[in-house]
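Every number for a ligand or one of its atoms is a count from 1 in the order of the listing. Note: hydrogens, waters and symmetry copies are ignored here, and every other heavy atom, side chains too, is used.
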Amino acid sequence: MPKTHTTVGIIGGGPAGLLLARLLHNSGIDCVLLESRDRAYVEQRQRAGILEQGTVDALRESGAAERLDREGLVHDGIELRWNRRAHRIDFPALTGGRRVWVYAQTEIVKDLIALQLTYGAPLLFEAAVHAVEGADTEEPLIRYTHEGRDKTLTCDYVVGCDGFHGVARTAIPDGVKRTYEHAYPYSWLGILADVPPSCDELIYAHSPRGFALHSMRSPTVSRLYLQVPNGTDPANWSDERIWDELEARFAVDGDWKLRRGPVTAKSVLPMRSSVTEPMRYGRVFLAGDAAHIVPPTGAKGLNLAAADVIVLARAFARLKDTGSAELLDAYSDTCLRRVWRAEHFSYFMTTALHTDPGQSPFATRLQLSRLDRIAASPHAAAELAENYAGLPTV
Ligand code: RFL
Ligand code: PHB
């Protein structure tokens with residue numbers, strides 16, 4: 001018989017909801033997590049690949065990094081390419097020792113689900129929330145459907161970790177909520193390929209044919225992305241066409257070669273920026289993609305989601321230990337400072353490296369000048385490195 005009351009009701013079992021449940025469990029705070037999809041779907045959804053130092057530190061502290069420490073790939077930099085030239089950004093040298101990890105979101109989600117089901121609070125799959133009521137009362141209520149039945153869960157607090165298309169945001173009245181948005185005039189075609197990566201570190205390429213990114217999932221699996229027009233149907237992109245286009249966009253002087261292999265997944269994703277303020281109304285909090293979206297060029301989405309719930313879990317622990325709601329009251333402002341920094345960085349990385357449809361030659365020369373500046377000045381490079389490798393959590 002599922003619980004009908006909990007201290008913290010969490011909506012959404014993506015990285016934000018799962019990490020929050022883990023952190024609350026470690027602080028002895030009761031919670032229930034409701035996820036609309038089934039376990040296999042959540043564990044296989046292809047998304048992020050890059051973890052900042054702060055995200056890795058939090059996963060370690062929460063006891064969820066055993067496999068990450070074994071299988072994660074530590075990266076000390078990225079490569080930028082433009083005008084057939086390559087320039088490496090050295091993170092530890094430019095940031096006082098910070099680095100990033102390549103470890104897929106799918107794997108973090110699997111690790112956190114396994115821990116939650118073994119040790120943690122209730123985690124219900126196929127539990128679709130359709131309403132959050134009473135945000136401004138002492139006991140907000142979640143309405144959801146599970147095993148064909150309508151159910152309710154009363155909570156001391158509700159946290160919406162239900163992503164960009166979730167319902168929790170609707171608990172903030174329209175007169176209070178403000179959403180800031182930007183849509184980009186291009187999308188990404190992403191592939192997974194059974195071939196060892198052609199590079200040791202990620203490559204972000206500006207080219208006259210559009211942006212390309214070479215990432216990876218493991219020493220034997222590559223993840224690559226191409227800028228494509230909005231509305232692109234992946235079915236119109238044969239494997240050969242994708243590899244030809246990637247090769248053209250990564251072209252560089254010297255003897256670098258792109259390895260080709262069987263493509264195992266192909267999808268198109270739109271690029272957007274969005275922030276909803278405030279991230280808290282009464283006893284309902286928003287965390288992760290439920291509150292903000294960034295285009296993936298800066299690799300910030302998952303890391304922002306983790307940073308939100310780290311701040312929130314600390315605030316709930318403070319409330320439990322001392323009775324002080326000071327950190328909870330500061331939650332939205334604390335997170336939004338970091339969110340807007342990441343929004344700006346993601347916008348910068350996106351607009352510096354992509355080509356707008358019909359972009360003027362003048363705009364292209366400005367982009368190239370910006371990239372030349374990063375190569376010429378350690379200060380300009382450090383600005384990129386600090387943002388990419390991640391600012392401290394709070
Ligand atoms: P998620 O992962 O979207 O999880 C939300 C969960 O809520 C569930 N849900 C509901 N459950 C119950 N009732 C409802 N009514 C519900 N509505 C929704 C959903 O089923 C889902 O399980 O949000 P969360 O947890 O905030 O995590 C955010 C990250 O997933 C996202 O920001 C990143 O994936 C973004 N991102 C990247 N971030 C990085 O930090 N580094 C990267 O390298 C990176 N690469 C990427 C990315 C996102 C991508 N896509 C597909 C948008 C690469 C890609 C291709
Ligand atoms: C990925 O590996 O999926 C990835 C890496 C870096 C990005 C975006 C996506 O900026």
Side-chain angles (χ1 to χ4, degrees), residues 9-21 33-39 41-52 54-55 73 75 78 100-106 108-109 112-113 123-132 142-146 153 159-170 187-192 197 201-204 211 213-218 221-225 265 267-272 274 286-309 339 342 345-346 349-350 353 388 390:
I10 303 173
I11 309 172
L18 289 164
L19 180 58
L20 178 62
L33 200 165
L34 304 171
E35 163 58 48
S36 57
R37 303 295 195 138
D38 64 33
R39 181 176 178 180
Y41 181 91
V42 173
E43 290 187 343
Q44 261 139 52
R45 197 165 31 196
Q46 274 306 323
R47 286 194 167 175
I50 297 289
L51 307 182
E52 294 173 7
T55 306
L73 309 171
H75 281 197
I78 56 169
V100 297
W101 274 252
V102 174
Y103 189 67
Q105 181 167 328
T106 44
I108 297 178
V109 164
L112 286 168
I113 287 176
L123 160 56
L124 274 61
F125 289 104
E126 299 179 77
V129 172
H130 37 89
V132 178
I142 298 175
R143 290 192 191 280
Y144 68 103
T145 308
H146 189 230
L153 178 69
V159 185
C161 298
D162 48 352
F164 188 59
H165 302 288
V167 297
R169 227 173 20 242
T170 60
S187 303
W188 277 12
L189 172 66
I191 61 159
L192 271 177
E201 294 173 339
L202 272 59
I203 304 172
Y204 289 80
F211 171 75
L213 169 61
H214 194 321
S215 182
M216 60 197 73
R217 287 290 174 266
S218 73
V221 176
S222 297
R223 175 82 166 142
L224 297 114
Y225 299 97
S267 59
V268 168
L269 48 130
M271 313 272 282
R272 337 173 235 256
S274 167
L286 301 178
D289 280 16
H292 39 73
I293 295 285
V294 285
T297 329
K300 286 285 155 240
L302 168 60
N303 293 296
L304 275 184
D308 288 352
V309 299
V339 166
F345 177 65
S346 304
M349 285 291 280
T350 304
L353 292 166
Y388 193 102

* With sequence neighbours left out, what residues match S222 under side-chain contact (heavy atoms from CB on, under 4.5 Å)? -> V195, P197, H214, L224
* Structure fact -> Of A48, A104, S215, the residue with the heavy atom nearest atom 2 (O) of ligand 2 is S215
* Heavy-atom nearest neighbour in the protein, as seen from atom 3 (O) of ligand 2, with distance rounded to 0.1 Å -> Y225 OH, 2.6 Å
* May I ask you to identify, for L213, whether its side chain, its backbone, both or neither come under 4.0 Å of ligand 2 on a heavy-atom basis? => side chain
* **Residue portion contacting ligand 2 (non-hydrogen atoms closer than 4.0 Å) for A299** => both
* atom 52 (C) of ligand 1: which of L18, I11, L269 has the nearest heavy atom? -> L269
* Structure fact -> Filtering R47, Q105, H165 for the heavy atom nearest atom 33 (C) of ligand 1 leaves Q105
* Is R47 in contact with ligand 2, taking contact as a heavy-atom separation below 4.0 Å? -> yes
* Numbered atoms and elements of ligand 2 in range of Y204, under 4.0 angstrom, heavy atoms -> 6 (C), 7 (C), 10 (O)
* Structure fact -> By ring-ring contact (aromatic ring centres under 6.0 Å, His included), F211 pairs with (sequence neighbours left out) W188, H354
* Structure fact -> Out of A16, G298, A342, the nearest non-hydrogen contact to atom 24 (P) of ligand 1 is supplied by A16
* Structure fact -> Among E35, K300, Q46, R37, the residue with a heavy atom nearest to atom 6 (C) of ligand 1 is E35
* Structure fact -> Note: V132 and A168 closest approach over all heavy atoms is CG2-CA, 4.3 Å
